[in-house]
Amino acid sequence: MQFTVAIDGPAAAGKGTISKAVAAHFGFAHLDTGLLYRAVGARVISGDEAIFAAQSLAVSDLEQSNLRTNEVAHAASEIAVIPEVRAALLEFQRSFSARDGGAVLDGRDIGTVICPDADVKLFVTASAQVRAARRFQEFSQTGVETSLSEVLADVIARDKRDSERATAPLVAASDAVLIDTSDLTIEAATARAVAAIEAALQSQA
Ligand code: CDP
């Protein structure tokens, strides 16, 4: 069975948590596509050229321990504007989405560019303040030294770069179900995602 769930949205909106939860719920495979861009960003920080890094990306690049840092997120959003970088990462994402047994992909352009025919599209968002507060808490828990204002500035800068780039900008697909998690618990947000997916599965049965 092929069944693709596309989950897009801005930084720290809850995409990752919701994606993992729905993938576990339905037994689907999950790909965090942000990790591909982060891995390219990390290679650029260590001196590689961006397009070469994207074209030669290896599994070991995805296993680096620094990929979740703010510095790498920043580099990721800079290389993500380069069309050749996006093109180099496209085929891997498409073939993942077509795997047997169902797939959940989360990112910025899954429902619009990578999988325009996805069976379910979700656009997960929240206010910039709420997202920065969540990301700041994650950083604090993992011992990363930063301030709330720095994280907020970074979230706003990345939102702007992701939304305004010419190639595959961050935008909700016209047929996406919108989930604003600003005032939702993670359980409530996940329940909405599960309900949308169940409805699509039933309509295909
Ligand atoms: O977890 P968070 O939302 O902060 O970031 P991420 O999903 O890991 O993505 C990091 C950066 O990669 C984003 O700011 C985007 O610029 C870029 N990205 C993208 O352009 N397209 C994707 N499908 C996924 C990420």
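Here the structure is a predicted model, which means the values were calculated and not measured. Remember, it's 1-based here, ligands and their atoms both numbered in the order they're listed.
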Residues Arg108, Asp162: salt bridge by 4.0 Å N-O rule = yes

How far is atom 20 (O) of ligand 1 from its nearest protein heavy atom, and which residue and atom name does that atom have?
-> Arg86 NH1, 2.8 Å

In terms of residue, atom name and distance, what is the protein heavy atom nearest to atom 12 (O) of ligand 1?
-> Tyr37 CB, 3.5 Å

Closest non-hydrogen protein atom to atom 8 (O) of ligand 1, residue and atom name please, with distance?
-> Arg38 NE, 2.5 Å

Can you pull out the closest protein heavy atom to atom 17 (C) of ligand 1? Residue, atom name and distance to 0.1 Å, please.
-> Ala80 CB, 3.8 Å

Give the residue and atom name of whichever protein heavy atom lies nearest to atom 16 (O) of ligand 1, and the separation in Å to one decimal.
-> Asp162 OD1, 2.5 Å

Taking atom 13 (C) of ligand 1 as the reference point, the nearest protein heavy atom with its distance = Arg108 NH2, 3.3 Å

Any N or O of Arg165 that comes nearer than 3.5 Å to an N or O of ligand 1?
-> yes

Closest protein heavy atom (residue, atom, distance) for atom 23 (N) of ligand 1 = Thr33 OG1, 2.9 Å

Charged N to carboxylate O under 4.0 angstrom, Arg38 versus Asp32?
-> no

Does the pair Arg43/Asp61 count as a salt bridge with the N-to-O cut at 4.0 Å?
-> yes

Region of Ala12 engaging ligand 1 - heavy atom pairs below 4.0 Å = backbone

For Lys15, counting its heavy atoms only, list the atoms of ligand 1 lying under 4.0 Å from any of them.
-> 3 (O), 7 (O)

Quick look: Arg161 vs ligand 1, heavy-atom contacts under 4.0 Å, and the answer is neither

Part of Arg158 within contact of ligand 1 (heavy atoms, under 4.0 Å) | side chain

Look at atom 1 (O) of ligand 1 and say which protein heavy atom is nearest, naming residue and atom and giving the distance to 0.1 Å.
-> Arg135 NH2, 3.3 Å

